[in-house]
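Questions regarding the structure given below will be posed in turn.
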Amino acid sequence: MKMYYVTLNNAEEARTIGRKLLAEKLAVCVNWYPITCAYIWQGEINEEPEVVLIIKTQAGYGSEIEKVIRQNINYTNFIAEISPSSINQGFLDWLNAEIPVKKLQSTI
């Protein structure tokens, strides 16, 4: 299993991207919520609202997920792949039933 932590400008972007990922079977579940982002830009500290989109999926879908994100925004954002070390079995059963496990391609 993989999770993706994605920052976006607003909830509508998160909703649009999240629903496309679900429709294309690239995710089993998505969550989004508002946050405040504080960052340094050109030597000054700035604060502004953002939205975090969390994507729950199988391993191997990162490039396809990023493609959907890029099709829906035109700015540089943060996308991080997270590898959970422990997941409850009920969630894994649901994930495995809904999203195909990608087979790793051999390099030989």
Side-chain angles (χ1 to χ4, degrees):
M1 177 189 181
K2 297 291 181 183
M3 292 175 56
Y4 290 87
Y5 181 101
V6 180
T7 57
L8 299 165
N9 282 337
N10 57 61
E12 189 54 37
E13 289 176 348
R15 182 181 187 279
T16 298
I17 292 167
R19 291 184 63 85
K20 285 183 180 183
L21 294 172
L22 293 169
E24 294 181 25
K25 293 288 219 176
L26 298 175
V28 71
C29 179
V30 297
N31 309 101
W32 61 88
Y33 55 92
I35 62 169
T36 300
C37 178
Y39 59 94
I40 297 174
W41 181 254
Q42 298 178 342
E44 293 190 28
I45 296 174
N46 298 281
E47 285 186 26
E48 60 186 44
E50 274 188 334
V51 171
V52 169
L53 174 64
I54 296 176
I55 303 160
K56 301 167 195 160
T57 190
Q58 299 282 15
Y61 287 92
S63 61
E64 293 163 88
I65 288 169
E66 187 167 352
K67 182 178 177 185
V68 170
I69 293 167
R70 295 286 163 243
Q71 289 170 344
N72 288 276
I73 63 170
N74 62 359
Y75 55 89
T76 301
N77 69 328
F78 179 78
I79 303 170
E81 182 182 270
I82 300 168
S83 300
S85 60
S86 178
I87 302 112
N88 61 307
Q89 191 61 49
F91 187 90
L92 280 177
D93 292 344
W94 176 43
L95 174 65
N96 292 332
E98 294 293 331
I99 307 298
V101 175
K102 284 206 167 191
K103 296 183 191 234
L104 298 176
Q105 295 180 353
S106 175
T107 57
I108 299 176

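For this chain, numbers begin at 1 and follow the sequence in order.
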I'd like to check the side-chain hydrogen bond (donor to acceptor under 3.5 Å, both in side chains) partners of Glu12; sequence neighbours left out, ordered by chain and number. Thr16
Reported CG-to-CD1 distance for the pair Leu53 and Ile17, which is rounded to 0.5 angstrom: 6.5 Å
Heavy-atom pair of closest approach, residues Ile69 and Ile79: CD1-CD1, 3.8 Å
No-hydrogen, no-angle side-chain donor-acceptor test under 3.5 Å, Asn77 and Arg70: yes
Is it true that Val52 and Tyr75 fall in one hydrophobic cluster, defined by side-chain heavy atoms closer than 4.5 Å? yes
Salt bridge (Lys or Arg N to Asp or Glu O under 4.0 Å) between Glu24 and Lys20: does it pass, once the steps are laid out? CA-CA 6 Å; Glu24 294 181 25; Lys20 285 183 180 183; over 6 Å; no
Taking every non-hydrogen atom, the tightest pair across Val51 and Ala11: CG2-N, 3.4 Å
Pairwise side-chain contact, Met1 with Leu92, heavy-atom cut-off 4.5 Å (strictly under): yes
Run the side-chain hydrogen bond (donor to acceptor under 3.5 Å, both in side chains) test against Lys67 and tell me which residues pass, sequence neighbours left out. none
Between Ile73 and Asn9, is there a side-chain heavy-atom distance shorter than 4.5 Å? no
About how many Å separate CD of Gln58 and CD of Glu98, when rounded to the nearest 0.5 Å? 11.0 Å
Does the structure place the NZ or CZ of Lys102 under 6.0 Å from the centre of the six-membered ring of Tyr61, at an angle of no more than 45° from the ring's axis? yes
Minimum side-chain heavy-atom gap Arg15-Val30 below 4.5 Å: no
With side chains defined as the heavy atoms from C-beta onward, is the minimum distance between Ile55 and Trp32 less than 4.5 Å? no
Return the CD1 to NZ distance between Ile82 and Lys56, rounded to the nearest 0.5 Å. 11.0 Å
If you group Ile, Leu, Val, Met, Phe, Trp and Tyr by side-chain heavy-atom gaps below 4.5 Å, do Leu22 and Val101 land in one group? no
Hits for side-chain hydrogen bond (donor to acceptor under 3.5 Å, both in side chains) against Arg19, two or more places apart or cross-chain, chain-then-number order -> none
Do you know the tightest heavy-atom contact between Tyr4 and Gly62? OH-CA, 3.2 Å
Check whether any side-chain heavy atom of Tyr33 lies under 4.5 Å from a side-chain heavy atom of Ile54, and answer yes or no. yes
Rounded to the nearest 0.5 Å, what's the gap from CD1 on Ile99 to NZ on Lys2? Could you check? 16.0 Å
Gln42: what forms a side-chain hydrogen bond (donor to acceptor under 3.5 Å, both in side chains) with it, not counting sequence neighbours? none
Which heavy atom in Phe91 sits nearest to a heavy atom in Val28, and how many Å separate them? CZ-CG1, 3.8 Å
Could you check whether any side-chain heavy atom of Glu13 comes within less than 4.5 Å of a side-chain heavy atom of Asn72, counting everything from C-beta outward? no
Which residues share a side chain to side chain contact (heavy atoms under 4.5 Å, CB included) with Phe78, sequence neighbours left out: Tyr5, Thr7, Ala80
Counting neighbours of CD1 on Ile35 that are heavy atoms of other residues, nucleotides or ligands and sit closer than 6.0 Å, is the number greater than 12? yes
Could you tell me whether the side chain of Glu47 reaches within less than 4.5 Å of the side chain of Cys37, counting heavy atoms only? no
Strictly by salt bridge (Lys or Arg N to Asp or Glu O under 4.0 Å), give each pair with a member in residues 32-44 just once, sequence neighbours left out. none
